[in-house]
Amino acid sequence: MSVNKQMIELFRASSTYINAHRNKVFVVSLSGEAQADNNLANIVYDISLLHSLGVKIVLIHGSRPQITEALAAQGKQSDYHRNLRVTEPDCIKTIKQVVGGLSVDLEALFSMGTSNSPMHGADVRLCRGNFITAKPIGVHDGIDFQYTGAVRKVQTLAIEKELVNNNIVMLSNLGYSSTGEVFNLSAEEIATEVAISLGADKLILMIPADGVLDASGELIKSLNEKEAKNHASKLSLSGDPVELCIGNAIEAALRAYSHDVHRSHLISFKKNGALLQELFTRDGNGSLISNDNFDQLRPASINDIAGILALIKPLEETGILVERSRELLEIEIKNFVVIELEDSIIACAALYPISKDSGEVACIAIHPDYQRDGLGDRLLINLEKTAFGKGFSFLFVLTTVASHWFLEKGFEQSEVDALPARRKNLYNLQRKSKVLKKAIS
Ligand SMILES: CC(C)(COP(=O)(O)OP(=O)(O)OC[C@H]1O[C@@H](n2cnc3c(N)ncnc32)[C@H](O)[C@@H]1OP(=O)(O)O)[C@@H](O)C(=O)NCCC(=O)NCCS
């Protein structure tokens, strides 16, 4: 395939995801390590692109390694307990300076819009504020964590207002107490609590690995809650900092999951474009922790039209399916059922009433990546049940290439004359479709 054609195909394939993600709320956690990585500018471009495509973004940035470095430069070293820094009062000034500097650096990156940069014309507006009320985490195992804090409250309405105003909301790992003190928190914790309080559609955790890996080092593209818990408990025992970081990200995802944020993505901050690949391609490029690794068969709605069109267009172009315009689909959408997987329509089929006692199965299409998996069978069984419920005694199908598939599903060879009169008049003689019929009971 030529580069141009490949680009066109890619762009078209991503349209389903563009439509699915529009106006959705994504909370992104960007650790201090991610900000120190060479790939940071690309991540910022990609977040800006998401924003340009109508995704509502809340970005939380951390500062752990930068704080450690700044304190070390002053000859100070923090104690850690339960993987958390004990924040001494005399460190707070440095922490505020470091975090402030990182926030400003990110603002500068988001503001880049020179004509030779990918963000030319993006006009991204960031908004920062005291959206996190913090409390001290207190004394644990006899250790006073002092200025290490936890989230007490998220100013949800204020954040939502900024998102409605088309701003990216950027938060740091600092929170503010009602007594006017500043607390040092973990960015992952803030991201998780913000995602929960907003009822976000996705929590995205940028990590220093491709995602969750199996025993042979292969990327696990999706995990359900149980699988995620198994991995988290193994990784939390690891002495390896990267594995610990993945373990923490899974823990954050699981907490979000148990509070109704049912999709968290663990995505590499080291890989250029991993964020876009994960969100806009079927194959992804990270690990998704969700409750819906399983597809969902359901009646179609008007919101599915873009997905259905993307699915059937290639089949229309090769003449396998009859062309349907968007307008026609809008009128006929109530006849359709779809199978959705991870925000994308992977299969569809329709049942049209064609007489008092018969219906026609049409537009059955399974995305090539998901064929031979029984989805066609499931759709057909579903339509047969609906037809039965409507009191139909017969189902017809007109097909040019799939007659044997339908024969195997109990249809029988029939002829044009067997069609109800109204449908017979519309029979397209040039397509020479085979007519098959099935009695339903
Ligand atoms: C035909 C189609 C709906 C079947 O869906 P599916 O989910 O792949 O089917 P299932 O998993 O239920 O069944 C798979 C079996 O059907 C067979 N099959 C698939 N397409 C077939 C066809 N056109 N003719 C005969 N058999 C076919 C497969 O070879 C497989 O059999 P096998 O396991 O013995 O190899 C799907 O392949 C599709 O969308 N095709 C393109 C669109 C199309 O032709 N639609 C029909 C228009 S009326």
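Both counts, for ligands and for their atoms, begin at 1 and track the order of listing. Numbers for residues simply follow the sequence, beginning at 1. The structure displayed is predicted, hence computed values, not measured ones.
- Remark: among candidates Lys434, Lys409, Gln371, the nearest residue to atom 37 (O) of ligand 1 is Gln371, based on non-hydrogen atoms.
- Heavy-atom contacts of Asp377 reach the following atoms of ligand 1: 12 (O) (cutoff under 4.0 Å).
- By the criterion of a heavy-atom distance under 4.0 Å, the side chain of Leu315, and not its backbone, is placed next to ligand 1.
- Judged purely by atom type and a 3.5 angstrom limit, Ser29 has no side-chain atom pairing as donor or acceptor with the backbone of Ala191.
- The Ala402 neighbourhood of ligand 1 comprises atoms 23 (N), 46 (C), with distances under 4.0 Å to a heavy atom of that residue.
- Taking distance alone, with nitrogen or oxygen atoms compared against 3.5 Å, Ile366 approaches ligand 1 more closely than that limit.
- Of the polar atoms of Val401, at least one N or O is found under 3.5 Å from an N or O of ligand 1, judged by distance alone.
- When heavy-atom distances to ligand 1 are checked against a 4.0 Å cut-off, Leu321 comes that close only through its side chain, counted from C-beta outward.
- No donor-acceptor distance shorter than 3.5 angstrom exists from the side chain of Asn335 to the backbone of Tyr352, with no hydrogens or angles considered.
- Ligand 1 has a nitrogen or oxygen under 3.5 angstrom from a nitrogen or oxygen of Gly374.
- Interface of Thr399 with ligand 1, defined as ligand atoms under 4.0 Å from a residue heavy atom, comprises 48 (S).
- Considering backbone and side-chain atoms together, Arg372 places an N or O closer than 3.5 Å to an N or O of ligand 1.
- Side-chain N/O atoms of Asn285 and Asp210 include no donor and acceptor closer than 3.5 Å.
- Here's the thing with Trp405: one of its N/O atoms is less than 3.5 angstrom from an N/O atom of ligand 1.
- Between Phe110 and Ile168 there is a side-chain heavy-atom pair separated by less than 4.5 Å.
- Where the criterion is an N or O separation shorter than 3.5 Å, residue side chain and backbone included, Tyr370 fails it with respect to ligand 1.
- Put simply, the side chain of Thr156 gets close to the backbone of Val154: a donor and an acceptor are under 3.5 Å apart.
- Looking at Glu243 and Lys234, their side chains never come closer than 4.5 Å, going by heavy atoms from C-beta outward.
- Atoms of ligand 1 found under 4.0 Å from any heavy atom of Ala365, numbered from 1 in the order shown, are 39 (O).
- At least one N or O atom of Ile364 sits closer than 3.5 Å to an N or O atom of ligand 1.
- Residue contacts with ligand 1, taken as heavy atom pairs separated by less than 4.0 Å, involve Ile320 solely via side-chain atoms from C-beta onward.
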